[in-house]
Structure formats: C-alpha cells, structure tokens
Enquirer: 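Structure in structure tokens, see below.
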Amino acid sequence: MTQGAQINAFTNGRGNAGSVTISADGAVKFDGVGSSDGFPTGSFSTVEAGAIGDGGTININAGSLSLTNGGLLGVFVRAADSDDGLAGGQGNGGNVNINVDDTLTISGKNGSVESGIFSSLGSGAIGVGGNINIKAGSFVLTNDAELSASTSGKGNAGNIDIQVDSDVQITGDDTRIVSNVRRTGEGNGGTISINANSVAVTEGAQVNTSVENRNNGTNKAGDLTINARFIDLSNQGRLTATTESGDGGNIILNVKDVLLLRNNSSISATAGITGSGGNGGNITINAPRGFIVTIPNQNSDITANAFNGQGGNINIKVAGTFGIAPLSRQELESLRPDDLDPGQLITNDITAISRENPSLSGRVSINNPDIDPSQGLVNLPTVLTDTSVLIDRGCATANSEGSEFIVTGRGGLPPHPYEFISNDVVWSDNRITTLPSSNEEVRKFGDSRNAVVSLQKPVTPSIPKTYDGVPIIPATGWVFNGKGEVTLISHTSGAADMGSTAASCSQR
C-alpha cells in the first residue's frame with residue numbers, strides 16, 4: 001500500500017472497534033504519505049473521542065513486512081476533543097500482532113510523519129494502552145523510525161514484546177523503541193522485552209521506558225529485559241528505564257557471550273531530576289560465561305542513580321569485566337563535587353548513588369568466578385634459568401663445543417615462557433632395568449626391548465664385573481676410527497692407532 005492508502009477499524013459511539021487481519025505468503029509493504037492530504041499509508045484500529053469501547057486488533061501474517069517513508073500501524077484511544085466538546089475515549093486500546101518469517105523493516109520518515117508502530121492512550125482518555133507483539137526472522141529499525149507504546153491519559157502504557165530468530169538492529173539518531181508515560185499521563189510505563197541472537201543499539205538510537213511526568217511522583221517506568229547472545233551499544237547507543245519523578249524501571253540483561261559498550265553509550269535506570277523524588281531502578285546483568293567489554297576512556301556508563309531518593313542496586317554476574325569499574329559516591333565527590341555526574345567523566349563507570357543524600361546510595365555487586373583473569377596476576381620472569389650450566393660437557397668430541405639439550409615436538413616443556421604447559425605429553429622412558437649377564441640373557445634381551453624404568457622408583461643397573469670370563473673395563477673416552485665410526489676406549493687403548501684424538505668422558 002502506498003500514497004496514503006489506509007485500512008481502518010474504529011468506534012465513535014458505544015461498542016468495540018473491529019479488527020484488521022492481513023495474511024500474505026510474500027511481502028507486505030506500507031510506504032509513504034498521501035500527496036494531497038499528508039495522511040500516512042497504514043492500518044489503524046481506533047477508539048475515537050467520546051466513544052466508549054475497546055479497540056480492535058491488527059494482525060499481520062506475512063513472509064516479510066516493511067513500513068517506510070511514513071508508513072504506519074496504530075492502535076489508539078483518542079484524546080479529548082475540546083473543539084467538539086468530546087471527552088477522551090474510554091476503553092482499552094487494541095493490540096498489534098505481527099508474525100513474519102523473514103525481516104520486519106521500519107525505516108525513515110516523511111516530513112514530520114515517522115515510520116513506525118504506535119499504541120497510544122491519549123490525554124483525557126481512560127483505559128489501558130494496547131500491546132505490540134512482534135515475531136520475525138530479523139528486525140531492523142532505522143533512520144528516525146519508532147516503535148512506541150505510550151499513555152497521556154488515565155491508565156498504563158502498553159507493553160512491547162519482540163521475539164526474533166536472528167538479529168535486532170536499532171540504529172540512527174532519534175530511532176527508538178519506547179514505552180513511556182507522557183506529561184499528562186497518570187499510570188505506569190509498559191514493559192519492553194527483546195529476545196534475539198544479537199541486539200545492536202547504535203548511532204544515537206535508544207531502547208527506553210520512561211516517565212516524563214514531573215508532578216505527582218507516583219508513576220513508575222516500565223521494566224526493560226533483553227535476552228541475547230551478544231549486545232552491542234555503540235556511538236551513544238542507550239538502554240534506559242528512567243523517570244523525571246517516580247521510580248526508575250528495572251533493566252535485566254541476560255547475555256550469553258559479550259555486552260559491548262563503546263563511544264559514550266549507556267545503561268541507565270536513573271530516577272528523578274533536581275528537586276524531584278523517586279528511587280533508582282535496579283540493573284541486573286547475567287552473563288556467567290560472558291564478558292562486559294568497554295573501550296577505555298570513552299565515557300560509557302552503567303548507572304542506577306537517584307536525586308532525592310534511594311539509589312538502585314546493580315547486580316552483575318560475569319566471567320570478566322574489561323575497561324569499566326565501580327565508582328563510589330566519595331570518589332565522585334572528589335572528581336565532580338558540584339554535580340556528582342559520572343556522565344561528565346571520560347572514564348567508564350558503574351554507579352548507584354543518591355546525589356543529595358549520601359546515606360541512600362545503592363549497592364554495586366560484581367560476582368566474578370573464583371579465578372578472575374583481570375585480578376591477582378603474577379608476572380613471570382622473562383630471564384629463565386641458564387640451562388647451559390646444567391648440561392654435562394664431559395663427553396665432547398675434539399671438534400664440538402659440548403653436549404646439547406633440545407626440546408622439540410609436542411608435550412613436555414612449553415615452547416615459550418608465556419604459554420601454558422601442554423597436557424599432551426608423548427615422551428616416555430623405555431630404558432632397561434639390568435644389563436645381561438650371560439649369552440642366554442643376551443638372546444632374551446634381544447627379544448625384549450620394552451622394559452620401562454619407573455621414574456618414581458628408579459632401579460640402579462647391576463653392572464657385571466666380567467663377561468664370559470673377560471674382564472669388563474669401563475670406557476673413559478671415545479674416538480672416531482678411520483671409517484668415521486664411534487669407538488669407546490679406555491686409558492689402556494691405543495687411541496693414536498685409530499687415526500683420531502680421544503675425547504675424555506669425566507665420570508660423575
């Protein structure tokens with residue numbers, strides 16, 4: 001559908017609005033706005049001003065869905081119309097249910113009309129905002145597009161639930177997923193839940209539950225939950241559950257591998273502004289086998305602060321954190337005594353403080369495993385033992401410098417002092433335990449070459465004094481004969497007759 005075409009179901013009296021269902025095997029597209037009237041292309045279910053009844057549901061089942069250049073889906077309970085003397089609609093907003101096999105794409109805007117999916121309870125309306133439920137293969141929200149569930153009336157904002165098989169990409173300044181209580185709203189923000197393989201919030205985009213109402217302080221921001229293998233917050237990407245008054249919402253991140261924060265990105269459940277109450281929300285990061293990774297000195301923070309109220313609690317369970325660390329209120333006082341604002345520091349900080357009441361600071365708990373690779377490391381010496389002094393140089397030929405000890409192959413010692421010792425040891429000692437003492441034993445020894453000397457209980461060889469009646473004289477040197485063969489000699493041997501110089505073998 002293009003150029004302002006619409007499919008609508010509404011009620012402007014007593015009774016419920018109808019539903020809209022679109023089913024297609026292929027792609028469904030809503031693109032652009034009307035050239036003459038500026039109306040967005042889209043589908044809507046509405047409870048009009050003065051009407052009493054519930055809104056209908058919008059159901060889309062397709063291969064893929066795109067909302068571009070001002071394309072919209074919306075479920076509204078309209079605000080009061082003072083010009084016509086009509087009160088705000090009374091009833092619950094309908095839901096938007098999207099189920100696509102491939103990609104859901106929401107991109108761009110046309111003039112002031114943003115592409116998106118909206119659920120709204122208007123000012124003066126009474127009821128509950130509708131929910132937005134998405135199931136897709138992948139999801140792209142970009143170029144100032146929006147996914148929004150809000151309340152300006154008497155009632156809570158709707159919830160947003162996103163279930164994606166692969167990746168969620170939310171990118172671009174003013175691109176956002178938001179559930180909020182606006183200035184005139186009297187209710188709580190809805191929850192936002194995202195389940196995906198990976199979630200990227202980048203280039204100024206945000207996922208936000210918030211309360212803009214500054215007056216009564218009773219509203220609470222909704223909770224934000226993300227379950228993913230990898231979460232990427234880059235270039236001012238933000239996950240927030242904040243209030244101007246009232247309690248901040250909770251943020252729960254279940255991360256399998258990595259939570260990455262770069263270039264002034266943030267996770268915040270901060271409550272209140274100057275002079276306003278409210279407690280900071282709690283932040284929970286569960287990544288028992290994963291890591292929190294930040295780039296040093298890029299001002300990426302995790303905060304659960306409050307102004308007048310209680311700071312929230314931050315509970316982190318990870319295999320390791322890199323480039324980010326907790327910062328206490330006392331440390332902030334020394335660095336930013338005028339405003340206690342960690343966002344003005346270049347460091348990457350984790351804070352849970354009350355700015356105006358030191359006794360109400362929250363708690364930061366980081367639960368690392370028993371072995372934390374970033375703590376308690378010991379520098380190994382780079383100058384190792386000089387093994388040359390440990391090698392026996394007693395048996396050296398006339399033309400050599402001495403004996404050598406060479407480590408090669410797998411197992412044994414590591415090839416480099418900075419590497420771990422391998423458990424793949426393939427060396428074994430297959431030496432004989434005793435020497436033969438007769439011709440019969442010589443024959444037996446020729447057929448038995450696998451006797452192993454125990455390294456735990458070494459066996460001292462028994463050396464016979466004679467062999468077949470001939471005295472055995474220990475060798476004290478060796479030479480090369482005229483054929484280049486090595487021959488063991490004693491002091492009584494005539495080394496000079498063999499045409500070579502004997503080498504001495506010292507006895508140890």
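Nothing fancy with the numbering, it's 1 onward along the sequence.
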Enquirer: Apply side-chain contact (heavy atoms from CB on, under 4.5 Å) to Asp339 and Gln344, showing your working.
Expert: CA-CA 9 Å; Asp339 57 17; Gln344 301 301 316; 4.3 Å; yes
Enquirer: Might you work through the side-chain contact (heavy atoms from CB on, under 4.5 Å) test for Ile117 and Leu72, ending with a clear yes or no?
Expert: CA-CA 6 Å; Ile117 303 175; Leu72 290 179; over 6 Å; no
Enquirer: Between atom CD1 of Ile162 and atom NZ of Lys135, what is the distance when rounded to the nearest 0.5 Å?
Expert: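 NZ of Lys135 is found 13.5 Å from CD1 of Ile162.
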Enquirer: Please check if any side-chain donor atom of Asp223 sits under 3.5 Å from a side-chain acceptor atom of Thr191, or the reverse.
Expert: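 No, Thr191 and Asp223 have no side-chain donor paired with an acceptor closer than 3.5 Å.
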Enquirer: Can you confirm whether the side chains of Ser138 and Thr103 place a donor and an acceptor under 3.5 Å from each other?
Expert: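 Yes - a donor-acceptor pair under 3.5 Å links their side chains.
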Enquirer: Any non-hydrogen side-chain atom of Leu224 less than 4.5 Å from a side-chain atom of Val207?
Expert: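 With C-beta onward as the side chain, the pair touches.
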Enquirer: Does the side chain of Asn264 come under 3.5 Å of the side chain of Asn299 through a donor N or O and an acceptor N or O?
Expert: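 On atom types as modelled, these side chains qualify, holding a pair under 3.5 Å.
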Enquirer: Keeping Ser354 on the side-chain end and Pro358 on the backbone end, is there a donor-acceptor pair under 3.5 Å?
Expert: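 Checked: no pair found.
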Enquirer: If only atom types and distance count, is the side chain of Asn95 paired as donor or acceptor with the main-chain N or O of Asn131 below 3.5 Å?
Expert: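 Present.
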Enquirer: Checking Thr351 against Asp349: is there a side-chain donor and acceptor pair closer than 3.5 Å?
Expert: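 No - no donor-acceptor pair under 3.5 Å links their side chains.
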Enquirer: Under the side chain to side chain donor-acceptor pair (under 3.5 Å) rule, what do Asp161 and Gln163 come out as? Steps first, then yes or no, please.
Expert: CA-CA 7 Å; Asp161 183 67; Gln163 307 284 334; 3.2 Å; yes
Enquirer: Any side-chain donor-acceptor pair under 3.5 Å between Thr68 and Asp31?
Expert: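 Result is yes, a qualifying pair exists.
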Enquirer: So Phe322 and Phe291, ring pair (Phe, Tyr, Trp, His ring centres under 6.0 Å) or not? Walk me through it.
Expert: CA-CA 8 Å; Phe322 298 91; Phe291 301 90; 5.8 Å; yes
Enquirer: Going by an N to O cut-off under 4.0 Å, is there a salt bridge joining Arg355 and Asp341?
Expert: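 A salt bridge links Arg355 with Asp341.
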Enquirer: With a 4.0 Å cut-off on N to O distance, would you call Arg183 and Glu244 a salt bridge?
Expert: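 Yes.
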Enquirer: Under a plain distance cut-off of 3.5 Å, with no hydrogens placed, do Asn208 and Thr240 share a side-chain donor-acceptor pair?
Expert: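 Yes, a side-chain donor-acceptor pair sits under 3.5 Å.
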Enquirer: Are any side-chain N or O atoms of Ser115 and backbone N or O atoms of Ser107, one a donor and one an acceptor, separated by less than 3.5 Å?
Expert: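 Judged by distance alone, yes, a pair lies under 3.5 Å.
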Enquirer: Show your reasoning for whether side chain to side chain donor-acceptor pair (under 3.5 Å) applies to Ser300 and Ser265.
Expert: CA-CA 5 Å; Ser300 294; Ser265 296; 4.7 Å; no
Enquirer: Quick check against the 3.5 Å criterion: does Asn282 have a side-chain atom that pairs as donor or acceptor with the backbone of Asn313?
Expert: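 Side chain of Asn282 to backbone of Asn313, a donor-acceptor pair under 3.5 Å: yes, one is there.
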Enquirer: Quick one: do Asp257 and Arg229 make a salt bridge, cutoff under 4.0 Å?
Expert: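 Between Arg229 and Asp257 there is a salt bridge, with a charged N closer than 4.0 Å to a carboxylate O.
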Enquirer: Where the side chain of Asn279 meets the backbone of Gln310, is there a donor-acceptor pair that is under 3.5 Å apart?
Expert: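 Side chain of Asn279 to backbone of Gln310: a pair is present.
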Enquirer: Taking atom types as modelled, find out whether Asn254 and Asn286 have a side-chain donor-acceptor pair closer than 3.5 angstrom.
Expert: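 Looking only at side-chain atoms, Asn286 and Asn254 do form a donor-acceptor pair, the distance falling under 3.5 Å.
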Enquirer: Could you walk me through whether Asn69 and Asn110 pass the side chain to side chain donor-acceptor pair (under 3.5 Å) check?
Expert: CA-CA 5 Å; Asn69 301 314; Asn110 195 317; 5.8 Å; no
Enquirer: Between Thr294 and Asn348, do the side chains contain a donor N or O and an acceptor N or O under 3.5 Å apart?
Expert: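 Yes, a side-chain donor-acceptor pair sits under 3.5 Å.
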Enquirer: Name the atoms and distances for all side-chain donor-acceptor pairs under 3.5 Å in residues 79-92, with sequence neighbours left out.
Expert:
from  : atom 1 : to     : atom 2 : distance (Å)
Asp81 : OD1    : Asp83  : N      : 3.1
Asp81 : OD1    : Asp84  : N      : 3.3
Asn92 : OD1    : Val128 : N      : 3.0

Enquirer: Evaluate the side chain to side chain donor-acceptor pair (under 3.5 Å) criterion for residues Thr303 and Ser268: first the C-alpha distance (whole Å), next the side-chain angles of each, then the deciding distance (0.1 Å), finally the verdict.
Expert: CA-CA 5 Å; Thr303 60; Ser268 176; 3.2 Å; yes
Enquirer: For a side-chain contact (heavy atoms from CB on, under 4.5 Å) with Asn263, tell me which candidate from Thr202, Leu233, Asn235, Ile295 qualifies.
Expert: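 Testing Asn263 for a side-chain contact (heavy atoms from CB on, under 4.5 Å) against Thr202, Leu233, Asn235, Ile295 leaves exactly one candidate, Asn235.
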Enquirer: Within this structure, what is the CD1-CD1 distance for the pair Ile252 and Ile226, rounded to the nearest 0.5 Å?
Expert: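 Reported value, rounded in 0.5 Å steps: 10.0 Å.
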Enquirer: Not counting sequence neighbours, which residues clear salt bridge (charged side-chain N to carboxylate O under 4.0 Å, His left out) with Asp232? List them please.
Expert: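 Asp232 satisfies salt bridge (charged side-chain N to carboxylate O under 4.0 Å, His left out) with Arg262 once adjacent residues are dropped.
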